[in-house]
Novice: 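Before anything else, here's the structure in question.
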There are 2 protein chains.
Amino acid sequence: MLNRRSTEQRELIREILQQADEHLDADNIYEQARQRSPNISLSTIYRNLQLFKELGLVEEHQFGSRRYYEPAPQTEHHHLVCLSCGRGFEFKCPSTEGLKSRINKEEGFRVIAAEVCLAGYCPACQERLTATAAGNRTIPGQKEVK
Amino acid sequence: MLNRRSTEQRELIREILQQADEHLDADNIYEQARQRSPNISLSTIYRNLQLFKELGLVEEHQFGSRRYYEPAPQTEHHHLVCLSCGRGFEFKCPSTEGLKSRINKEEGFRVIAAEVCLAGYCPACQERLTATAAGNRTIPGQKEVK
DNA sequence: ATTGCTGCAAAGCCTTTGCAGGCGG
DNA sequence: CCGCCTGCAAAGGCTTTGCAGCAAT
């Protein structure tokens with residue numbers, strides 16, 4: 001049957017996710033993991049993310065065309081994505097519960113999960129963009145956001 | 001420079017999008033288009049969707065791992081996705097404006113776009129699932145949703 | 001006659017899968 | 001020892017791109 005094992009790689013991935021202060025995609029995790037375990041493979045990352053997801057330890061979110069992972073949160077929260085630097089932020093949205101029950105009543109739709117995703121510009125990028133009003137540049141070392 | 005031309009294929013794609021009563025992905029559009037223009041190619045679909053998007057005529061939404069397209073709506077609305085049959089529905093969410101300005105104030109984040117996506121079960125699927133409590137089946141002819 | 005558009009095929013991403021060997025329990 | 005896990009490489013979806021010919025203006 002399914003007896004999960006504790007391996008170096010598995011614990012490493014879990015640790016990276018726990019300590020992350022931003023949302024990570026599979027490749028971010030891979031890069032961090034190789035620094036401590038150079039032979040780890042990307043498929044191991046994917047397989048363990050998949051496993052953690054099934055166990056409910058990790059949540060997967062898709063913004064645009066990228067998938068991000070984060071440890072399953074204690075409190076419900078939602079996401080802000082910066083259109084310039086691509087970083088993800090979190091915020092709480094107390095009105096979501098009300099929304100769910102309203103949809104339930106008005107549409108007959110039984111709502112299981114609510115995802116509120118806002119896109120805009122984070123404080124740092126607003127500053128940077130207004131300072132250098134030339135626009136259209138990307139932060140070095142950051143994946144470009146189309 | 002960029003002088004857009006009107007071609008049979010381009011008009012066809014636009015027409016399909018206008019008349020759709022559900023959200024379509026690139027392949028849905030392709031299938032519908034081939035019925036009227038059998039030689040049309042999938043890359044033409046993608047290139048025109050890309051173009052329409054840039055012109056603001058069409059909106060692209062990503063639910064899970066799939067991308068859906070719809071004509072740019074007059075009124076802001078949000079999306080319900082059925083976890084069983086995969087169909088997308090729309091609803092209005094008047095509280096979104098309030099949410100935007102709250103985030104603006106509290107987080108200093110300048111919000112450009114708000115996407116609220118709810119997942120659950122549509123009325124038809126609720127009925128079908130409770131009737132045949134065996135669960136875990138897919139509607140024939142529907143793409144399977146993992 | 002330009003030059004944007006199309007179809008085809010090939011390449012690109014990201015993610016998943018098959019396989020043989022290795023390691024945890 | 002058993003069998004779950006790993007690394008590697010290959011395969012899979014979906015989307016994008018290069019190219020030569022075609023067609024709209």
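Reminder, nothing fancy here: chain letters follow the sequence lines and each chain counts from 1.
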Novice: Donor-acceptor pair, A/Gln126 side chain versus B/Gly108 backbone, under 3.5 Å?
Specialist: yes
Novice: Could you give the CG-to-P distance, from A/Asn39 to C/dG21, as a whole number of Å?
Specialist: 18 Å
Novice: Using atom CG of B/Leu42 as one end and atom C1' of C/dA11 as the other, report the distance to the nearest whole Å.
Specialist: 15 Å
Novice: Using the salt bridge (Lys or Arg N to Asp or Glu O under 4.0 Å) definition, which of the options A/Glu70, A/Glu59, A/Glu60 pairs with A/Lys53?
Specialist: A/Glu60
Novice: Is there a side-chain contact between A/Phe89 and B/Glu107, using heavy atoms and a 4.5 Å cut-off?
Specialist: no
Novice: Under 4.0 Å between a side-chain N/O of B/Ser41 and OP1 or OP2 of C/dT6, yes or no?
Specialist: no
Novice: Think A/Gln9 has a side-chain N or O under 4.0 angstrom from the OP1 or OP2 of C/dC23?
Specialist: no
Novice: Once you round it to whole Å, what is the distance between C1' of C/dC14 and CG of A/Leu49?
Specialist: 13 Å
Novice: Identify each atom pair where a protein N or O and an N or O of nucleotides 18-20 of chain C are less than 3.5 Å apart, giving names and distance.
Specialist:
{"unit_1": "C/dG18", "atom_1": "O6", "unit_2": "A/Arg47", "atom_2": "NH1", "d": "3.3"}

Novice: Between atom CD in B/Glu11 and atom C1' in C/dT6, what is the gap in whole Å?
Specialist: 15 Å
Novice: With nearest nucleotide decided by heavy atoms, which residue, B/Gln50 or A/Arg10, maps closer to the 5′ end of DNA chain D?
Specialist: A/Arg10
Novice: Whole-Å distance between C/dG7 C1' and B/Arg34 CZ?
Specialist: 12 Å
Novice: Please report the shortest heavy-atom distance between A/Gly98 and A/Ser101, naming the atom on each side.
Specialist: O-OG, 3.1 Å
Novice: For the pair A/Arg10 (side chain) and A/Arg5 (backbone), establish whether a donor and an acceptor sit closer than 3.5 Å, ignoring hydrogens and angles.
Specialist: yes
Novice: Which atom pairs link the protein and nucleotides 23-25 of chain D when you take only N or O atoms and keep those under 3.5 Å?
Specialist:
{"unit_1": "D/dA24", "atom_1": "N3", "unit_2": "B/Arg5", "atom_2": "NH2", "d": "3.4"}

